[in-house]
Amino acid sequence: MYNRNQVRSVKVKDVVIGGNNNVVIQSMSNIKTSNVEEVVQQILRLEEIGCEIIRVSVLDTDDANAISKIKEKIHIPLVADIHFDYKLALLAIDNGVDKIRINPGNIGKEENIKKVVDACKEKHVPIRIGVNSGSLEKDIKDRYGISAKAMIESAKRHIEILEKYDFFDIVLSLKSSNFEICKQAYIMASEMFNYPLHIGVTEPGPLIPGIIKSTLGLSELLDKGIGSTIRISLSNDPIDEIKVAKQLLLAKGLITMPSLTSCPTCGRTQINLIKYVDEIENYLYKVNKNIKVAIMGCVVNGPGEASDADIGIAGGNGVAVLFKKGQIVRQIKEEDIVDELIKEIESM
């Protein structure tokens, strides 16, 4: 079986992808990169809940020049997403970008490719080759159609270009909106290439269908040991991409973080449970503890059904009981639920 821990390791600033490292969680800013302050504020929010690498689009020179300003104010590695224009790649590298996402075969003459490779070598900037089923080379698509085989052939072509110039700091992605094609491409890639794989399903849609498509497509890959870094692409706030990625990795036992269990509510519920669940869930993304938290709507589902929780509450009429490992500790007012839970969690 393929093992993500046996692939090459690629260093992106101070984050290592591949080798004997955890799966790295990524997202992408959805704000015009030259709008520096907005981008910075979004990235800082993403950092706070566990984003480890962030990508930005580089559409023009203003975007490329904004990279140095953004990097002054953030703490995680910054990736520049570039298509076709090698000069933008060079400008992004000059501005201190930590990694670039580019397809070498799409940026023109070989001398231009070499310029980008040489600049990446000099500054120790890795390259992610991003193969997408929607933008395959015409000759490959004519021969293989839109298929996993076509994506692999495209990846081989791009990899060979970089290896020709002795460049091996490569991360590879093979994305498709068809998660079956996507899955098969990654499985084939894991058997052929010794580079870390960035896994994701592209253009899966808005929040709910996007989560379903992504988790269906990526769950099996993670089970097979495939994937050194992950992005859950959603037509939604990038914050949700990080949340879904973390929950998927938690469910697969690939990261350590708090887990939250809560009941679905019913007519017995006499507190504003959904509000408290949302508040505690958002808080727990910022907590680095291996604990289980429960928020239950009534005493019927309370300490008993959540007896394995390290800490939890069960609601009543305007009040709740706080319990630990199934044992009631004390009663608290409804308005104090969130504050009291947070206080208890921080003391654990």
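Side chains included, hydrogens not; waters and symmetry mates left out as well; all remaining heavy atoms used.
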When you compare the side chain of Gln42 with that of Pro238, does any pair of heavy atoms fall below 4.5 Å? yes
Do Val125 and Asp98 make a side-chain contact, defined as non-hydrogen atoms from C-beta onward lying under 4.5 Å apart? no
If you define the side chain from C-beta out and look only at heavy atoms, does anything of Ile17 sit under 4.5 Å from Asn21? no
Counting only heavy atoms not in Lys333, do more than 12 sit closer than 6.0 Å to its NZ atom? no
Are Ile280 and Ile295 side-chain neighbours, meaning at least one heavy-atom pair lies under 4.5 Å? yes
Heavy-atom distance under 4.5 Å between the side chains of Val15 and Ile76, does that happen here? no
Pair Asp308 + Lys325: basic N to acidic O under 4.0 Å: no
Is there a donor in the side chain of Ser173 and an acceptor in the side chain of Arg128, or the other way round, less than 3.5 Å apart? yes
Answer yes or no: does atom NZ of Lys69 have more than 12 heavy-atom neighbours from other residues, nucleotides or ligands under 6.0 Å? no
With a cut-off of 6.0 Å (strictly less than), are more than 12 heavy atoms of other residues, nucleotides or ligands near NZ of Lys114? no
Side-chain ion pair, Asp310 and Lys292, N-O less than 4.0 Å: no
Check the pair Gln184 / Lys149 against side-chain contact (heavy atoms from CB on, under 4.5 Å), numbers first and verdict last. CA-CA 9 Å; Gln184 289 305 314; Lys149 175 66 173 173; over 6 Å; no
Set out, in order, the CA-CA distance, both residues' side-chain angles and the distance that settles side-chain contact (heavy atoms from CB on, under 4.5 Å) for Glu340 and Arg330, then state yes or no. CA-CA 11 Å; Glu340 289 296 314; Arg330 66 178 185 274; 2.5 Å; yes
A side-chain contact here means heavy atoms from C-beta on lying under 4.5 Å apart; do Phe193 and Ile152 qualify? yes
Just so I know, are the side chains of Glu334 and Asn272 near enough to count as touching, which here means a heavy-atom distance under 4.5 Å? yes
Applying salt bridge (charged side-chain N to carboxylate O under 4.0 Å, His left out), run through Arg157 and Glu153 and close with a yes or a no. CA-CA 6 Å; Arg157 182 176 294 181; Glu153 288 300 314; over 6 Å; no
When you compare the side chain of Thr261 with that of Val293, does any pair of heavy atoms fall below 4.5 Å? no
Leu273 and Met296 have their tightest heavy-atom pair at CD1-C, 3.3 Å
Go through Tyr285 and Gln247 one step at a time and tell me if the side-chain contact (heavy atoms from CB on, under 4.5 Å) criterion holds. CA-CA 10 Å; Tyr285 283 106; Gln247 291 298 334; 3.2 Å; yes
Residues Lys324 and Glu344 bridged, charged N to O under 4.0 Å: yes
Transitively linked via ILVMFWY side-chain contacts under 4.5 Å: Val40 with Met28? no
Which is it for Lys164 and Glu110 under the side-chain contact (heavy atoms from CB on, under 4.5 Å) test, yes or no, and what are the steps along the way? CA-CA 11 Å; Lys164 176 181 178 180; Glu110 194 155 316; 2.3 Å; yes
Salt-bridge criterion met for Arg143 and Asp139 (N-O under 4.0 Å): no
Worked verdict on Arg45 versus Glu48 for salt bridge (charged side-chain N to carboxylate O under 4.0 Å, His left out): CA-CA 5 Å; Arg45 290 196 301 273; Glu48 192 176 28; over 6 Å; no
Is the count of non-hydrogen atoms from other residues, nucleotides or ligands lying under 6.0 Å from Gln327 atom CD greater than 12? no
